Number of protein chains: 2
Amino acid sequence: MNDDLFKQLIESVGQANDIIKGNARPTRTTKFAEPQVRAIRAKTGLTQARFADVLGVSKRTLENWEQGRRHPTGPARALLKILDADPKHALEALNQ
Amino acid sequence: MNDDLFKQLIESVGQANDIIKGNARPTRTTKFAEPQVRAIRAKTGLTQARFADVLGVSKRTLENWEQGRRHPTGPARALLKILDADPKHALEALNQ
DNA sequence: AAATTAAGTGCGTCATTGGCGTATTTTTGT
DNA sequence: ACAAAAATACGCCAATGACGCACTTAATTT
């Protein structure tokens, strides 16, 4: 766990965030890009109801995200990013 | 992406959720167990500030979670679960 | 022991959440 | 092609989480 590679990784994550944080500070800091929720869901082939369950939100909330009426919170964006990058792996971890 | 194994995985995720959903329905559904936020953070060795950045929340919010004053939302719990299961891999995806 | 760095907190404001009901659209089976 | 079923969309809105600010209080480091 605490090998060098891991530490370097942590460093880079932190540094990246530090850099990004240089600009303005809206009510809620945007650290992860606005995800294409619908596109990411499409990758999985899941319905809104099922995908919402996987994410840990209600169907209603997922709808709002896809319609652009509301925006996923930070953790939600991070989660979507992981699902986008490697759906299979992420779902396994979620389903352990 | 759409091989059988993946579909089976998806099925099981959905079914598990269906089963869980049998009981009461509070304002906000709890689908993932209350995570030991502090313990998970300890695994990474990150400070609150850095870990908060990784999660996509403020230091203040992470503190509230660790102190039990507030509870991570569904997506946050899912994300923590993934980080708990495989910190290295998850951080890589987040840092891509 | 002084200086840094990390953690903890009261207060206040504001956005998100999500159940319920209903309407509309898309998919599926025959 | 058509009806039945499944998936989506959306208004309403009380409850709750998010988090900035401005400190205070540990810990660490030098």
Side-chain angles (χ1 to χ4, degrees), chain A residues 2 7 10-11 13-15 17-18 20-32 34-80, chain B residues 2 7 10-11 13-15 17-18 20-81:
Chain A
N2 284 327
K7 290 218 162 162
I10 286 168
E11 268 310 302
V13 171
Q15 286 169 355
N17 282 312
D18 290 342
I20 293 167
K21 277 165 98 179
N23 52 21
R25 205 158 299 167
T27 310
R28 275 171 191 167
T29 318
T30 297
K31 213 148 327 188
F32 298 91
E34 271 305 310
Q36 315 286 343
V37 184
R38 171 155 268 155
I40 295 172
R41 177 166 68 87
K43 278 191 175 184
T44 71
L46 293 173
T47 64
Q48 288 185 333
R50 279 227 199 290
F51 195 59
D53 274 343
V54 170
L55 295 176
V57 297
S58 70
K59 171 179 160 299
R60 191 69 176 77
T61 291
L62 180 60
E63 278 172 12
N64 283 330
W65 291 349
E66 293 194 353
Q67 299 305 312
R69 274 187 297 276
R70 290 283 182 273
H71 308 285
T73 56
R77 285 196 294 276
L79 181 58
L80 284 163
Chain B
N2 283 328
K7 291 216 164 163
I10 287 167
E11 267 311 303
V13 171
Q15 287 170 352
N17 283 312
D18 289 343
I20 292 167
K21 277 165 102 181
N23 52 21
R25 203 159 297 169
T27 310
R28 274 169 190 166
T29 319
T30 296
K31 214 149 329 192
F32 298 91
E34 270 306 310
Q36 314 285 340
V37 184
R38 172 154 267 155
I40 296 172
R41 178 168 68 87
K43 278 190 176 185
T44 71
L46 292 173
T47 64
Q48 288 185 332
R50 280 236 199 285
F51 194 59
D53 274 344
V54 170
L55 295 175
V57 297
S58 70
K59 171 178 163 298
R60 191 64 225 277
T61 292
L62 179 60
E63 278 169 6
N64 283 330
W65 290 349
E66 293 194 352
Q67 300 304 313
R69 275 188 296 274
R70 289 281 181 273
H71 308 285
T73 55
R77 284 195 294 276
L79 181 58
L80 284 164
K81 188 171 184 175

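Quick note: numbers below take in every heavy atom, side chains included, and nothing from hydrogens, waters or symmetry partners. Naming convention: chains lettered A, B, ... in sequence-line order (proteins, then strands); numbering from 1 in each chain. Not measured: the values here are computed from a predicted model.
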Take a 6.0 Å sphere around CD of Gln36(A) and say whether it holds more than 12 heavy atoms from other residues, nucleotides or ligands.
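12 or below, so no.
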Student check: side-chain heavy atoms of Gln67(A) and Arg38(A) closer than 4.5 Å:
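Yes; the side chains approach each other to less than 4.5 Å.
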Ignoring hydrogens and angles, answer whether the base of dG10(C) and the side-chain atoms of Arg60(B) contain a donor-acceptor pair closer than 3.5 Å.
yes
dC19(D) phosphate, OP1 or OP2: any side-chain N/O from Thr61(B) under 4.0 angstrom?
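The answer is yes; a side-chain N or O of Thr61(B) sits under 4.0 Å from OP1 or OP2.
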Is there a side-chain contact between Trp65(A) and the phosphate of dT17(C), meaning an N or O under 4.0 Å from OP1 or OP2?
yes
Could you list all N or O pairs between the protein and nucleotides 4-8 of chain D that sit under 3.5 Å apart?
{"unit_1": "dT8(D)", "atom_1": "OP1", "unit_2": "Arg41(A)", "atom_2": "NH1", "d": "2.9"}
{"unit_1": "dT8(D)", "atom_1": "OP2", "unit_2": "Gln48(A)", "atom_2": "N", "d": "2.8"}

Among Lys59(A), Arg60(A), Glu66(A), which residue meets the side chain to side chain donor-acceptor pair (under 3.5 Å) test with Gln48(A)?
Glu66(A)
Which distance, rounded to the nearest 0.5 Å, do you find between the CZ of Arg77(B) and the NE2 of His71(B)?
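It is 9.5 Å, given to the nearest 0.5 Å.
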What's the closest nucleotide to the Arg70(B) side chain, out of dG19(C), dA18(D), dT16(C)?
dA18(D)
Nucleotide [N], atom [atom2] - distance to [atom1] of [X] in whole Å:
X: Arg69(B); N: dC11(C); atom1: CZ; atom2: C1'; result: 12 Å
X: His71(A); N: dC14(C); atom1: NE2; atom2: P; result: 17 Å
X: Asp53(B); N: dC19(D); atom1: CG; atom2: C1'; result: 13 Å

Can you pull every protein N or O that's under 3.5 Å from an N or O on nucleotides 23-27 of chain C?
none

Between [X] and [Y], which heavy-atom pair has the shortest distance, and what is it?
X: Ile40(A); Y: Leu80(A); value: CD1-O, 3.8 Å
X: Trp65(B); Y: Ala76(B); value: CH2-CB, 3.6 Å
X: Arg41(A); Y: Thr47(A); value: NH1-C, 3.5 Å
X: Leu79(A); Y: Pro75(B); value: CD2-O, 3.8 Å

